[in-house]
Novice: 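I am attaching a structure below and will ask some questions about it afterwards.
Just follow the structure's listing: the first ligand is 1, and inside any ligand the first atom is 1.
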Amino acid sequence: MSSENASCAAGTLYVVSAPSGAGKTTLCRGLLQQFPDLSLSVSYTSRPSRPGERDGHDYHFVSAACFERMIDEGAFVEWARVHDNYYGTSLAVLRQASAAGQDLLLEIDVQGAEQLRLAGLPLVSIFIAPPSLAELRRRLEGRASDSATVVALRLENARTEMAAAERYDYLIVNDTLAQAQLQLQAIVLAQRCRSPRVLAQWRKRWLQE
Ligand SMILES: Nc1ncnc2c1ncn2[C@@H]1O[C@H](COP(=O)(O)OP(=O)(O)OP(=O)(O)O)[C@@H](O)[C@H]1O
Ligand SMILES: Nc1nc2c(ncn2[C@@H]2O[C@H](COP(=O)(O)O)[C@@H](O)[C@H]2O)c(=O)[nH]1
């Protein structure tokens, strides 16, 4: 589903995907500071936490067995195996945000984004690309959060993930961080000016006068 019908009084669902290391988390953190009323969906994962990551803040860290139980219980609106681990978005969080008219930000991989499209959910999708594969390697190695084997797997997977870029509404090449941050901010600002959303808010005020 495209941004054409994603903006309404019910809140907007922003889906951000990128190959690992392209800078998605850095940019999304910046965006959350720029828009304090935008809320982040904290995913569930079976990946071990990295140093500095907090349970319930960066992810809900669960065992693979627990994640599989949650799949059976229908707890996820989408889930995927990414780089050999499970990741999924809570259906309850999505429903709560939708009921509250809250804008929600999902940082998910390309398989998860595709599941949401196939489910027919209205969303604004944004793909973050690295300027080059060499720079992606530098960022992954520079972050120093993953073993050499994990970095190699993520770089290998980046090739197929990049092929999905054409299915997104927006593409940001994260070369200079400040420029990419500005582009991401501009997408949200433009989305918030879309006529159905503004009309709904304006009518509410108009009727109250
Ligand atoms: N424009 C940029 N220029 C240089 N370094 C950057 C830029 N954007 C992000 N980085 C750095 O690249 C590294 C990877 O960024 P980040 O962790 O945000 O990537 P990610 O896409 O969220 O990766 P993952 O999916 O593995 O979590 C970090 O060390 C970050 O500081
Ligand atoms: N399909 C989903 N993918 C997710 C979700 N949460 C995160 N991710 C993606 O996984 C990879 C790896 O993340 P990392 O934190 O281990 O580096 C990355 O592409 C994330 O976007 C999710 O809920 N569903």
Novice: May I ask whether His83 places a heavy atom under 4.0 Å from ligand 1?
Specialist: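 It does not, in that no heavy atom of His83 comes within the 4.0 Å cut-off of ligand 1.
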Novice: How many angstroms lie between atom CD of Glu73 and atom CD of Glu68, to the nearest 0.5 angstrom?
Specialist: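 The CD atom of Glu73 sits 12.0 Å away from the CD atom of Glu68.
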Novice: At what distance is the nearest protein heavy atom to atom 8 (N) of ligand 1, and which residue and atom is it?
Specialist: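 Checked against all protein heavy atoms, atom 8 (N) of ligand 1 sits closest to Asn174 ND2, 3.0 Å.
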Novice: Please confirm whether Leu140 comes within less than 3.5 Å of ligand 1 when only nitrogen or oxygen atoms on both sides are compared.
Specialist: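 Leu140 vs ligand 1: no N/O contact under 3.5 Å.
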Novice: Are any of the heavy atoms in Gly142 under 4.0 Å away from ligand 1?
Specialist: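 Outside the 4.0 Å threshold, so no.
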Novice: Using 0.5 Å steps for rounding, measure from the CG atom of Leu40 to the CG atom of Leu105.
Specialist: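 Here the interatomic distance stands at 5.5 Å.
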Novice: Can the positive tip of Arg167 be found less than 6.0 Å from the middle of the six-membered ring of Phe127, inside 45° of the ring normal?
Specialist: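 Cation-pi check for Arg167 and Phe127: fails.
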Novice: Using a 4.0 Å cutoff against the non-hydrogen atoms of Gly112, which atoms of ligand 2 qualify?
Specialist: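 Selected atoms, number and element: 1 (N).
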Novice: For atom 19 (O) of ligand 1, what is the nearest protein heavy atom, given as residue, atom name and distance?
Specialist: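 Protein heavy atom at minimum distance: Gly23 N, 3.2 Å.
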Novice: Go through ligand 2 atom by atom and flag the ones less than 4.0 Å from a non-hydrogen atom of Arg154.
Specialist: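 Counting atoms of ligand 2 from 1, those under 4.0 Å from Arg154 are 12 (C), 14 (P), 16 (O), 17 (O).
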Novice: Less than 4.0 Å is my threshold; does some heavy atom of Arg29 fall inside it relative to ligand 1?
Specialist: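 Not so, Arg29 does not reach ligand 1.
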Novice: Check contact between Asp175 and ligand 1, using heavy atoms of the residue and a distance below 4.0 angstrom.
Specialist: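 Heavy atoms of Asp175 do come under 4.0 Å of ligand 1.
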Novice: Would you give the length of the straight line joining atom CD1 of Ile172 to atom CG of Leu184, rounded to the nearest 0.5 angstrom?
Specialist: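 Rounded to the nearest 0.5 Å, the CD1-CG separation comes out at 4.5 Å.
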Novice: For ligand 2, which atoms sit closer than 4.0 Å to a heavy atom of Glu107?
Specialist: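 In order of number, 4 (C), 5 (C), 6 (N), 7 (C), 8 (N), 21 (O).
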Novice: So, 4.0 Å and heavy atoms of Ala22: is ligand 1 close enough to count as a contact?
Specialist: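 Within the 4.0 Å threshold, so yes.
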Novice: Considering only non-hydrogen protein atoms, determine which one is nearest to atom 9 (C) of ligand 2 and report residue, atom name and distance to 0.1 Å.
Specialist: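 Nearest protein contact, heavy atoms only, for atom 9 (C) of ligand 2 is Asp109 N, 3.8 Å.
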Novice: Which protein non-hydrogen atom lies closest to atom 24 (N) of ligand 2, naming both residue and atom, and how far is it?
Specialist: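 Of the protein heavy atoms, Glu78 OE2, 2.7 Å lies nearest.
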Novice: Does Tyr44 approach ligand 2 within less than 4.0 angstrom via side chain, backbone, both or neither, non-hydrogen atoms only?
Specialist: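 No part of Tyr44 is near ligand 2 at this cut-off.
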Novice: Among all protein heavy atoms in this structure, tell me which lies nearest to atom 16 (P) of ligand 1, with the distance rounded to 0.1 Å.
Specialist: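 For this ligand atom, the closest protein heavy atom is Thr26 OG1, 3.6 Å.
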Novice: Is there side-chain contact between Gln183 and Leu27, with heavy atoms separated by less than 4.5 Å?
Specialist: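 No, side chains not in contact.
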Novice: Out of Lys24, Arg50, Arg143, whose heavy atom sits nearest atom 28 (C) of ligand 1?
Specialist: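 Considering heavy atoms of Lys24, Arg50, Arg143, the nearest to atom 28 (C) of ligand 1 sits in Arg143.
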Novice: Side chain to side chain contact (heavy atoms under 4.5 Å, CB included), that's the test. Do Arg139 and Ser20 meet it? Break it down for me.
Specialist: CA-CA 9 Å; Arg139 288 183 191 172; Ser20 177; over 6 Å; no
Novice: Can you find a pair of side-chain heavy atoms, one from Arg117 and one from Tyr168, that are under 4.5 Å apart?
Specialist: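 Heavy-atom side-chain distance check passes, below 4.5 Å.
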Novice: Any atoms of ligand 1 less than 4.0 Å from a non-hydrogen atom of Arg154? List them with their elements.
Specialist: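 It comes down to these atoms of ligand 1: 26 (O).
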Novice: With rounding to the nearest 0.5 angstrom, report the CE to NE2 distance, Met70 to His60.
Specialist: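 Spacing of CE (Met70) from NE2 (His60) equals 8.0 Å.
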Novice: Check each atom of ligand 2 against the heavy atoms of His83 and keep those under 4.0 Å away; list them by number with element.
Specialist: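 Those qualifying, in numeric order: 12 (C).
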Novice: Run the ring-ring contact (aromatic ring centres under 6.0 Å, His included) test on Phe67 and Phe76 for me, step by step, so that the C-alpha distance in whole Å, both residues' side-chain angles and the decisive distance to 0.1 Å come before the verdict.
Specialist: CA-CA 10 Å; Phe67 197 102; Phe76 300 118; 4.4 Å; yes
Novice: Can you check whether Tyr86's main-chain N or O pairs, donor with acceptor, with Thr45's side chain at less than 3.5 Å?
Specialist: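 Yes, because the side chain of Thr45 sits within donor-acceptor range (under 3.5 Å) of the backbone of Tyr86.
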Novice: Using heavy atoms and a threshold below 4.0 Å, how should the contact between Ala18 and ligand 1 be classified: side chain, backbone, both, or neither?
Specialist: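 Near ligand 1, Ala18 shows nothing, with every heavy atom at 4.0 Å or more.
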Novice: Within ligand 2, which atoms have a heavy atom of Arg47 less than 4.0 Å away?
Specialist: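 Within the 4.0 Å cut-off of Arg47, ligand 2 contributes 14 (P), 15 (O), 16 (O).
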Novice: Considering only the protein, which heavy-atom contact is closest to atom 20 (C) of ligand 2, and what is its distance?
Specialist: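 Result for atom 20 (C) of ligand 2: Lys24 NZ, 3.8 Å.
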Novice: State whether a side-chain donor-acceptor pair under 3.5 Å links Asp109 with Ser17.
Specialist: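 There is no such pair between these side chains.
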Novice: Going by distance alone, is a donor N or O of one side chain under 3.5 Å from an acceptor N or O of the other, for Thr12 and Gln191?
Specialist: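 The answer is no; no qualifying pair exists.
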Novice: Do Met162 and Pro130 come close enough that some side-chain heavy atom pair is under 4.5 Å?
Specialist: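 Of all side-chain heavy-atom pairs linking Pro130 with Met162, at least one is under 4.5 Å.
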Novice: May I ask whether Pro19 places a heavy atom under 4.0 Å from ligand 1?
Specialist: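 A heavy atom of Pro19 does come that close to ligand 1.
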Novice: Between atom CZ of Arg137 and atom CG of Leu155, what is the distance when rounded to the nearest 0.5 Å?
Specialist: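 Between Arg137 CZ and Leu155 CG, I get 5.0 Å after rounding to 0.5 Å.
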Novice: Carefully, step by step, assess Leu104 and Tyr14 under the rule side chain to side chain contact (heavy atoms under 4.5 Å, CB included).
Specialist: CA-CA 6 Å; Leu104 190 65; Tyr14 294 95; over 6 Å; no
Novice: Tell me: protein heavy atom nearest atom 22 (O) of ligand 1, and distance?
Specialist: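 Of every protein heavy atom, Thr25 OG1, 2.5 Å lies nearest to atom 22 (O) of ligand 1.
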Novice: If you measure from each non-hydrogen atom of Glu53 to ligand 2, which part falls under 4.0 Å: side chain, backbone, both or neither?
Specialist: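 It is neither; nothing of Glu53 touches ligand 2.
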Novice: To the closest 0.5 Å, what do you measure between OG (Ser43) and CD1 (Ile108)?
Specialist: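 Nearest 0.5 Å value for the OG-CD1 distance: 7.5 Å.
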Novice: Just to confirm my output: which protein heavy-atom neighbour is closest to atom 11 (C) of ligand 2, and how far is it?
Specialist: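 Answer for atom 11 (C) of ligand 2: Val82 CG1, 3.8 Å.
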Novice: At what distance is the nearest protein heavy atom to atom 4 (C) of ligand 1, and which residue and atom is it?
Specialist: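 Here the nearest protein heavy atom works out to Arg139 NE, 3.6 Å.
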Novice: For ligand 2 and Ala80, I'd like to know whether there is a polar contact (N/O to N/O, distance under 3.5 Å).
Specialist: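 Not met; the criterion fails.
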Novice: Regarding Asp58 and Arg47, does a basic nitrogen lie under 4.0 Å from an acidic carboxylate oxygen?
Specialist: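 The answer is no: the pair does not qualify as a salt bridge.
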Novice: Does the N or O separation between Glu107 and ligand 1 drop below 3.5 Å for any pair?
Specialist: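 N/O-N/O distance under 3.5 Å: no.
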Novice: Is it the case that ligand 2 has an N or O less than 3.5 angstrom from some N or O of Arg50?
Specialist: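 Among all N and O atoms of Arg50, at least one is under 3.5 Å from an N or O of ligand 2.
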Novice: Please report which non-hydrogen protein atom sits nearest to atom 26 (O) of ligand 1, along with the residue it belongs to and the distance in Å to one decimal place.
Specialist: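 Checked against all protein heavy atoms, atom 26 (O) of ligand 1 sits closest to Ser20 OG, 2.5 Å.
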Novice: Does Asn85 reach the side chain of Arg81, with side-chain heavy atoms less than 4.5 Å apart?
Specialist: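 No, every pair of side-chain atoms sits at 4.5 Å or beyond.
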Novice: With respect to Gln181, which candidate in Leu31, Thr176, Thr26 satisfies the side chain to side chain contact (heavy atoms under 4.5 Å, CB included) definition?
Specialist: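 Per the side chain to side chain contact (heavy atoms under 4.5 Å, CB included) rule, the option paired with Gln181 is Leu31, out of Leu31, Thr176, Thr26.
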Novice: Counting non-hydrogen protein atoms only, what is the nearest one to atom 6 (N) of ligand 2? Give residue, atom name and distance.
Specialist: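 The closest heavy atom on the protein side is Ser43 OG, 3.0 Å.
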Novice: So which heavy atom in the protein is nearest atom 23 (O) of ligand 1, and how far is it from that ligand atom?
Specialist: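 In this structure, atom 23 (O) of ligand 1 has Gly21 N, 2.9 Å as its nearest protein heavy atom.
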Novice: Around atom 13 (O) of ligand 2, find the nearest protein heavy atom and jot down its residue, atom name and distance.
Specialist: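 Result for atom 13 (O) of ligand 2: Tyr59 OH, 3.3 Å.
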